[in-house]
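Step one of this worksheet: look at the structure below.
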Amino acid sequence: MPDIRLPDGSVKSFPGPVTVAEIAASVGAGLARAALAGRVDGKLVDTSHRVEADSEVAIITERDKDGVEILRHSTAHLLAHAVKELFPEAQVTIGPVIENGFYYDFAFKRPFTPEDLAALEKRMLEIAKREIPVARKLMQRDEAVAFFNAQGEHYKAEIIASIPPGEPISLYQQGDFIDLCRGPHVPSTGKLKVFKLMRVAGAYWRGDSNNAMLQRIYGTAWGRKEDQDAYLKMLEEAEKRDHRRVGAQLDLFHMQDEAPGMVFWHPKGWILWQEVEQYMRRVYRDNGYLEVRCPMILDVSLWKRSGHWDNYRENMFFTSSENREYAVKPMNCPGHVQVFNQGVKSYRNLPYRLGEFGVCHRNEPSGALHGLMRARAFWQDDGHIFCTEDQILGECIAYTALLRKVYRDFGFTDIIYKIATRPEKRVGSDAIWDKAEAALIESLKRSGADFQINPGEGAFYGPKIEYSLKDAIGRVWQCGTMQVDFSMPQLLGAEYISEDNARKVPVMLHRAIVGSMERFLGILIENYAGAFPLWLSPEQVAVLSITERHADYAEQVAGALRKAGFRAAADLRNEKISYKIREHSLQKLPYQLVVGDKEKQANTVAVRTRGGEDLGAMTLSDFIARLQTEAVALGTA
RNA sequence: GCUGGCGUAGCUCAGCUGGUAGAGCAACUGAUUCGUAAUCAGUAGGUCCGCGGUUCGACUCCGCGCGCCAGCACCA
């Protein structure tokens, strides 16, 4: 006699064991139709799951987040089913749910083509229409291995063989297609209606580049058509904002074949860059950093001592001259230790904070390059703090606070925190790593930040906090970092004299707030879609003359704006005003000033904002006051 | 680096199964002197990514390389 408590608090009694589907039907026919799965005492189960005892039961539909995930998972199976029908020789492997969709990896003798994808999508729709029931079965492990081997599904057999013995294996069957899966799944293929195959790409078996490469088909799936349309629209929007595209449209930078992974900054892009760099320089200055500049190439002997030779060589560029080997620096830290090492340092000098806008070159694998986001030559707002162990926590907490302020000034408020712990390839003892990891964790706790741990993702010399931010359309970008390093100072002979007059090795904190300048500018471009806040806009004001008669006045206005510290230019071309407005609008200028007879006579300017709003005529001094207010409000003063 | 796709004018792209290239926008020149997102006319512009090969003939087919794009792997 199970009593079933539903989410609305009501309780239903049943005379005997009852399935989730039956419970849904007892509530109503609509819910029975919509039921995709159930949640019994917090655990997701199929609608065929039989409830024996008193339980809390919720019916999962496409309205639930879990419901959409189940749809996606089942759609991955639907894809595999279609592949097996169209290409029986293909072997199935795994097909998990990912953000916004799913993928499924197949082993197949040839690559899938776009035509294959179209055919598969069509077949998926057909199979869905057949409304094939999806049934769960249990099998013993060895039996399952034998079963899949007999089917020629060797990857699947390998997955099952790696499951600990004794655990029953659950399989899902829809028609002729059987797949290993934990479930739950929708009760029938007929529930799968809104999906789309997106692309095909290679992916290594078990994510290891030593293994065979499989064919991965990506798809998206949703509960409602509107949701999928919104998602596809978002992708389009993201494509429109692509920094490579906007960078070309706004004439900010370019890249070319002869310099893969390196950027040619154009005059307008360089203004944007300088605004960010000068802002960060003020941040250094106001927070106790001393700015330095170190050589770009250094003898390899230094990189051998620092550990880079052993741990980072394949990512470095080398050059030689007169029988000496040099490395182009991939990081600024060894240089900063050399600065620290000049002269005797006392504990009174600590924390000793150095900052540099230094260019680093890293020989990234060609396949990793991606516009500004992943370059081979990039500048960092790089800083190193030499301090005592006792000072680590305070420095980390202060740093996190500073980083939050900087991100906020650039318009980012949503920050994601991760701690990357010791990797396999590393320098330093386990005891040192224990200490360093603990310090970072404690500092984030004290900063009130939620964080997750990324095991094994740390740098070779120390663990790190990775700070990521979310942009205007919800994408996440890693920018800042804070790394605790107990090893490099010692390797490079850094010391200070302690209170008890002993020589001690300082701890070194590696930190960067915006991270790579290139990447950060790329993020800014995409976040603002090129419509930068006033202080960052490469061109802030265009003064548009109506006819030749107003040229002098337009020049005068532009000159006065420049004198007031703004980037302004007069557009005196012999073009219609609407033509000029269109051009500067496409260039996303914050303000356009129209000057004609009326304005010239009244000594005013007619102000048009980037949003297309006409603010009417005002005096130049009123307009300048407005600009100043706006610049201050955006954190530049 | 790996898998797949792609590389034609400054940009976006067309060019069927091989017969040495075309559009729109931009640029330039001239005309137009105009009030809030495109004035008209004309001109110029290409070692069809590079190097080899097949062929009477290659942008087109083949091979090698380079770069870009998507994903994987990598990412102090």
Side-chain angles (χ1 to χ4, degrees), chain A residues 103 105 110-114 198-218 239 242 244-245 248-249 251 254-261 306-308 311-312 314-316 329-334 360 362-371 373-376 380 382 420 423 425-426 457-464 466 478 481 483 485 488 510-512 515-516 519 544-551 572-587 592-599 606-609 612-617:
Chain A
Y103 67 78
D105 286 349
R110 66 165 178 83
F112 291 115
T113 63
M198 303 297 283
R199 65 173 71 91
V200 58
Y204 298 108
W205 168 236
R206 301 207 144 162
D208 185 335
S209 59
N210 297 314
N211 288 343
M213 185 159 276
L214 309 171
Q215 308 279 329
R216 173 171 300 177
I217 298 178
Y218 284 89
E239 205 174 312
D242 188 300
R244 291 162 297 195
R245 179 172 168 159
Q249 280 163 353
D251 194 19
H254 85 271
M255 301 175 92
Q256 63 187 48
D257 286 4
E258 289 84 352
S306 70
H308 286 81
N311 292 287
Y312 204 66
E314 63 259 32
N315 284 305
M316 292 165 68
K329 69 176 176 185
M331 301 179 200
N332 298 304
C333 33
C360 294
R362 296 185 189 175
N363 197 5
E364 304 285 0
S366 56
L369 300 180
H370 182 82
M373 301 304 191
R374 189 82 179 272
R376 284 195 176 134
Q380 290 176 300
D382 204 3
K425 228 178 168 185
R426 62 177 183 261
E457 300 282 311
F460 71 82
Y461 49 73
K464 54 186 179 178
E466 292 173 343
Q478 204 221 304
T481 178
Q483 304 164 11
D485 180 357
M488 201 179 297
H510 306 241
R511 37 111 299 162
S516 145
R519 160 172 261 254
L544 319 182
S545 59
I546 301 275
T547 78
E548 245 168 56
R549 289 199 301 286
H550 319 114
L572 308 177
R573 291 175 302 169
N574 178 17
E575 297 288 353
K576 288 168 85 167
I577 196 69
S578 55
Y579 179 86
K580 294 187 191 179
I581 286 173
R582 177 181 157 80
E583 283 215 328
H584 294 109
S585 298
L586 289 173
Q587 287 296 307
Q592 300 182 46
L593 305 183
V594 175
V595 295
D597 288 333
K598 281 181 287 185
E599 289 75 18
V607 182
R608 184 188 164 100
T609 67
E613 194 188 355
D614 187 352
L615 298 183

Kindly write out the residues that satisfy side chain to side chain donor-acceptor pair (under 3.5 Å) with [X], not counting sequence neighbours, or none if the list is empty.
| X | result |
| --- | --- |
| A/Q592 | A/S585 |
| A/D105 | A/R216 |
| A/R426 | A/D430 |
| A/S545 | A/K580 |

Check every strand shown and say whether [X] touches a base, only sugar-phosphate, or nothing at a heavy-atom separation below 4.0 Å.
| X | answer |
| --- | --- |
| A/E613 | nothing |
| A/G458 | nothing |
| A/K464 | sugar-phosphate |
| A/I581 | base |
| A/R549 | sugar-phosphate |
| A/E548 | base |

Nearest-Å distance, [atom1] ([X]) to [atom2] ([N])?
| X | N | atom1 | atom2 | value |
| --- | --- | --- | --- | --- |
| A/R110 | B/rG4 | CZ | P | 12 Å |
| A/I217 | B/rC72 | CD1 | P | 15 Å |
| A/L593 | B/rG35 | CG | C1' | 14 Å |
| A/L214 | B/rC2 | CG | P | 17 Å |
| A/K425 | B/rA73 | NZ | P | 18 Å |
| A/L586 | B/rC25 | CG | C1' | 12 Å |
| A/M316 | B/rC75 | CE | C1' | 16 Å |
| A/E457 | B/rC74 | CD | P | 8 Å |

Gap in Å between the two [atom1] atoms, one belonging to [N] and one to [M], rounded:
| N | M | atom1 | result |
| --- | --- | --- | --- |
| B/rU47 | B/rC56 | C1' | 22 Å |
| B/rG57 | B/rU20 | C1' | 9 Å |
| B/rG7 | B/rG65 | C1' | 14 Å |
| B/rC74 | B/rU55 | C1' | 44 Å |
| B/rA41 | B/rG46 | P | 25 Å |
| B/rU60 | B/rA21 | P | 13 Å |
| B/rC62 | B/rG18 | C1' | 13 Å |
| B/rG10 | B/rC51 | C1' | 26 Å |

Just to verify, what does [X] make a side chain to side chain contact (heavy atoms under 4.5 Å, CB included) with, not counting sequence neighbours?
| X | value |
| --- | --- |
| A/K598 | none |
| A/L586 | A/R582 |
| A/A368 | A/P365, A/R374 |

I need the [X] [atom1] to [Y] [atom2] distance, nearest 0.5 Å.
| X | Y | atom1 | atom2 | result |
| --- | --- | --- | --- | --- |
| A/R511 | A/Q380 | CZ | CD | 10.0 Å |
| A/C360 | A/K329 | SG | NZ | 6.0 Å |
| A/H550 | A/L572 | NE2 | CG | 11.5 Å |
| A/H510 | A/N332 | NE2 | CG | 10.5 Å |

Between A/N315 and A/V607, just flag the one whose closest nucleotide in RNA chain B comes earlier from the 5' side.
A/V607
Nearest-nucleotide 5' precedence on RNA chain B, A/D208 against A/G515:
A/D208
Taking the side chain of A/P111 as its heavy atoms from C-beta onward, which of B/rG35, B/rG4, B/rU33 lies nearest to it?
B/rG4
Between B/rG35, B/rC74, B/rU3, which one does the side chain of A/I546 approach most closely?
B/rG35
Using purine N1 to pyrimidine N3 plus N6-O4 or O6-N4 for Watson-Crick, or N1-O2 and O6-N3 for G-U wobble, each under 3.5 Å, what pairs with B/rG50?
B/rC64
Under a 3.5 Å limit for both distances, which nucleotide forms a Watson-Crick or G-U wobble pair with B/rC25, could you say?
B/rG10
Check: protein-nucleotides 68-71 of chain B nitrogen or oxygen pairs below 3.5 Å:
{"residue": "B/rC69", "atom": "OP1", "partner": "A/R244", "partner atom": "NH1", "Å": "2.7"}
{"residue": "B/rA70", "atom": "OP1", "partner": "A/R244", "partner atom": "NH2", "Å": "3.2"}
{"residue": "B/rA70", "atom": "OP2", "partner": "A/H370", "partner atom": "ND1", "Å": "3.3"}
{"residue": "B/rA70", "atom": "O2'", "partner": "A/R199", "partner atom": "NE", "Å": "2.9"}
{"residue": "B/rG71", "atom": "O3'", "partner": "A/Y218", "partner atom": "OH", "Å": "2.9"}
{"residue": "B/rG71", "atom": "O2'", "partner": "A/Y218", "partner atom": "OH", "Å": "3.1"}

Determine whether A/D242 and A/R244 satisfy the following criterion, salt bridge (charged side-chain N to carboxylate O under 4.0 Å, His left out), listing intermediate values before the conclusion.
CA-CA 5 Å; A/D242 188 300; A/R244 291 162 297 195; 2.5 Å; yes
Distances under 3.5 Å between protein N/O atoms and the N/O atoms of nucleotides 26-32 of chain B, please, pair by pair.
{"residue": "B/rU32", "atom": "N3", "partner": "A/N574", "partner atom": "ND2", "Å": "3.1"}
{"residue": "B/rU32", "atom": "O4", "partner": "A/N574", "partner atom": "ND2", "Å": "2.1"}

Kindly say whether, by distance alone, the side chain of A/R206 makes a donor-acceptor pair under 3.5 Å with the base of B/rA73?
no
Does a distance-only test, which skips hydrogens and angles, find a donor-acceptor pair under 3.5 Å between the side chain of A/E599 and the base of B/rG35?
yes
